[in-house]
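Computed from a predicted model, the values in this text were never measured in an experiment. Note that ligands are numbered from 1 as they come in the structure, with each ligand's atoms numbered from 1 the same way.
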Amino acid sequence: KQGGKNRYQCFDAAQEELLRGHHQQIEEIRLGISLQQFVLYYQPKVNMYTGQVIGYEALVRWQHPQRGLLPPALFLPQLEQHPVGILLGQWVVTNAISQLVLWQQQGLTLPLSINIAANHLQSIGFVEQLSALLLPQPHIRGLVELEILESSALEDISLVSTIMQQCSELGVTFALDDFGTGYSSLSYLKKLPLHLLKVDQSFVRDITIDDDDLPILQGILALAQAFALEIIAEGVETEHHGVKLLQLGYQLAQGYAIAKPMPAAAVFDWVQQWQPPASWQRNR
Ligand code: C2E
Ligand code: MG
Ligand code: MG
Ligand code: MG
């Protein structure tokens, strides 16, 4: 009995420690936002078939004073369902749109995708905040795309759909990210005003090794066509991935074979010099 009690106390202390750790992490992130420690990297999206650059995706990183440049996997999970996550989301949206305006003024007119957490999209004032950023910038109308995770819990699908409709009126389009990994893919296709499907990289990774994922890739492509949606393959890591995808009928791609996410300052030069591999030209 006593042992049980001890264990209980022990568990309690560990729990408390964990909570304190979590709380500290959140506070460190909050501070990081106010100290401008977060940065956006940009990863190009291309049309493998035409060889054109078709846009970019903004991806957040944390330039941590001690730990270096941290990927989102090291801080976004802690922020799930926490208001500081929405704060960071607002920072991302504001900064990505400023960058888009800047590029547009410099003559680089390409669509920009921004990842949005489900709780941010559904937070009070989301549409108002977005319109406050977009309405003064008519030149970038139609260039903002929001990516929402297929796996994210969109609790109230009709509310989400309404929010998306309101955003559409601002010229914003929507992509369903990591498509095929969630459990609601098909009902989302039916219920949400989407423009693009992003096929998750897990379906692309092994296509040059075995044929297991080919029927899935073909099926998703047919689905996209049936719903009149655009479709892009994520995680195109090698030239050969691209060849396979072209042979399946995919045209749009994103991945290390094209470019890794890069700082904003590198984007302009990258666009000037990018050439698709010769093997992609041959598979047109
Ligand atoms: P995602 O939106 O699906 O973005 C693609 C992720 O795959 C990025 O990781 C990107 O760097 C990585 N990637 C791109 N090409 C390749 C490739 O060829 N091979 C491999 N192995 N990986 C590739 P990252 O930047 O670490 O972001 C991870 C996830 O974090 C994103 O997945 C997105 O869900 C989330 N995220 C990133 N930035 C933001 C943001 O600003 N806001 C929100 N809410 N989520 C974000
Ligand atoms: Mg994304
Ligand atoms: Mg994705
Ligand atoms: Mg992902």
Side-chain angles (χ1 to χ4, degrees), residues 29 32-33 37-46 48 55-63 68-100 111-123 126 130 144-154 173-182 185 194-208 220 230-242 244-245 250 252-264 266 277:
I29 294 168
I33 298 170
Q37 290 173 356
F38 288 86
V39 281
L40 293 175
Y41 271 47
Y42 295 88
Q43 187 180 35
K45 299 177 175 183
V46 302
M48 298 184 286
Y56 304 93
E57 176 175 6
L59 294 158
V60 71
R61 273 101 183 85
W62 184 5
Q63 186 64 65
L69 193 67
L70 305 180
L74 293 182
F75 55 89
L76 285 188
Q78 287 88 306
L79 293 177
E80 223 170 283
Q81 303 304 327
H82 195 283
V84 171
I86 294 173
L87 203 64
L88 181 61
Q90 288 165 343
W91 180 90
V92 167
V93 172
T94 306
N95 283 270
I97 291 175
S98 308
Q99 185 60 64
L100 178 60
L112 180 65
S113 306
I114 307 171
N115 293 281
I116 301 290
N119 66 328
H120 185 196
L121 184 77
Q122 295 170 87
S123 65
F126 179 79
L130 196 61
V144 173
E145 175 178 74
L146 302 182
E147 297 190 0
I148 51 175
L149 278 181
E150 198 235 337
S151 58
S152 61
L154 302 177
T173 60
F174 283 90
L176 205 50
D177 207 346
D178 296 1
F179 186 77
T181 57
S185 329
L194 297 164
H195 153 87
L196 174 77
L197 295 186
K198 299 195 79 177
V199 180
D200 190 64
Q201 52 192 51
S202 59
F203 301 114
V204 174
R205 194 171 300 134
D206 299 331
I207 53 173
T208 52
I220 297 177
E230 297 220 58
I231 185 163
I232 186 166
E234 296 190 276
V236 179
E237 285 191 358
T238 67
E239 192 177 325
H240 198 194
H241 279 149
K244 270 273 183 191
L245 286 163
Y250 281 75
L252 310 186
Q254 206 176 1
Y256 296 166
I258 299 142
K260 290 197 168 175
M262 60 188 90

* With backbone taken as N, CA, C and O and side chain as the heavy atoms from C-beta onward, which portion of L40 lies under 4.0 Å from ligand 1: side chain, backbone, both, or neither? -> neither
* Evaluation steps, side chain to side chain contact (heavy atoms under 4.5 Å, CB included), between L69 and V39 -> CA-CA 9 Å; L69 193 67; V39 281; 4.0 Å; yes
* To do: Check whether any N, O or S atom of E234 sits under 2.8 Å from the Mg ion (ligand 3).
  => yes
* Under 4.0 Å, heavy atoms only, figure out whether ligand 1 is touched by the backbone of E57, its side chain, both or neither. => side chain
* Considering only heavy atoms of A117, which atoms of ligand 1 have at least one such atom less than 4.0 Å away? -> 44 (N)
* **Nearest heavy-atom neighbours spanning A58 and N115** => O-ND2, 3.3 Å
* Structure fact -> Smallest heavy-atom separation, A253 atom then I232 atom, equals N-CG1, 3.5 Å
* To do: Would you give the angle at the Mg ion (ligand 2) between D177 atom OD2 and E147 atom OE1, to the nearest 10°?
  => 90°
* Which heavy atom in V204 sits nearest to a heavy atom in E234, and how many Å separate them? -> CG2-O, 3.4 Å
* Out of A253, A233, A118, P72, whose heavy atom sits nearest atom 27 (O) of ligand 1? -> P72
* Between S113 and E145: side-chain donor-acceptor atoms closer than 3.5 Å -> yes
* Asked: Any Lys/Arg nitrogen of K45 or E230 sitting under 4.0 Å from an Asp/Glu carboxylate oxygen of the other?
  -> no
* To do: Measure the distances from the heavy atoms of A73 to every atom of ligand 1 and state whether one is below 4.0 angstrom.
  => no
* Structure fact -> So the atoms of ligand 1 within less than 4.0 Å of a heavy atom of Q43 turn out to be 14 (C), 15 (N)
* If hydrogens are left out, which of F179, W91, Y256 has an atom nearest to atom 18 (O) of ligand 1, that is, the closest non-hydrogen atom? -> Y256
* To do: Using non-hydrogen atoms of the residue, decide whether K198 is closer than 4.0 angstrom to ligand 1.
  => no
* Which bit of Q201 is near ligand 1, meaning a heavy atom under 4.0 Å away: side chain, backbone, both or neither? -> side chain
* What part of D178 sits under 4.0 Å from ligand 1 if we count only heavy atoms: the side chain, the backbone, both or neither? -> side chain
* Asked: Is the closest N or O pair between Q254 and ligand 1 shorter than 3.5 Å?
  -> no
* Asked: Do any of the N, O or S atoms of D178 sit under 2.8 Å from the Mg ion (ligand 2)?
  -> no
* Structure fact -> Correct closest heavy-atom pair for V84 and I29 would be CG1-CG2, 4.0 Å
* **the Mg ion (ligand 2) reached by S113 (N, O or S, under 2.8 Å)** => no
* To do: Answer side chain, backbone, both or neither: which part of L76 comes under 4.0 Å from ligand 1, heavy atoms only.
  => side chain
* **Exceeds 12 heavy-atom contacts within 6.0 angstrom, atom CD of Q63** => yes
* To do: Kindly give the heavy-atom pair with the smallest separation between A96 and L112, and that separation in Å.
  => O-CD2, 3.3 Å
* With no hydrogens and no angle check, is any side-chain donor or acceptor of Q43 less than 3.5 Å from a backbone partner on A259? -> yes
* Asked: Which residue from V60, D200, I114, I148 reaches closest to atom 40 (C) of ligand 1 through any of its heavy atoms?
  -> V60
* Evaluate the ring planes of Y56 and Y42, with Trp represented by its six-membered ring, and classify them as parallel (under 30°), tilted (30 to 60°) or perpendicular (over 60°). => perpendicular
* Determine, step by step, whether F179 and L194 satisfy the side chain to side chain contact (heavy atoms under 4.5 Å, CB included) criterion, reporting the C-alpha distance in whole Å, the side-chain angles of both residues, the deciding distance to 0.1 Å, and the verdict. => CA-CA 12 Å; F179 186 77; L194 297 164; over 6 Å; no
* To do: Check N115 against ligand 1 and report side chain, backbone, both or neither, counting heavy atoms closer than 4.0 Å.
  => both
* Structure fact -> For the Mg ion (ligand 2), the nearest N/O/S atom on E57 is atom OE2
* **Contacting atoms of ligand 1, where contact means under 4.0 angstrom from a heavy atom of P261** => 11 (O)
* To do: Check E234 against ligand 1 and report side chain, backbone, both or neither, counting heavy atoms closer than 4.0 Å.
  => side chain
* Of the non-hydrogen atoms in M48 and L252, which two are nearest, and what is the gap between them? -> CE-O, 4.4 Å
* To do: Would you check the N or O atoms of P71, main chain and side chain alike, for any that come under 3.5 Å of an N or O of ligand 1?
  => no
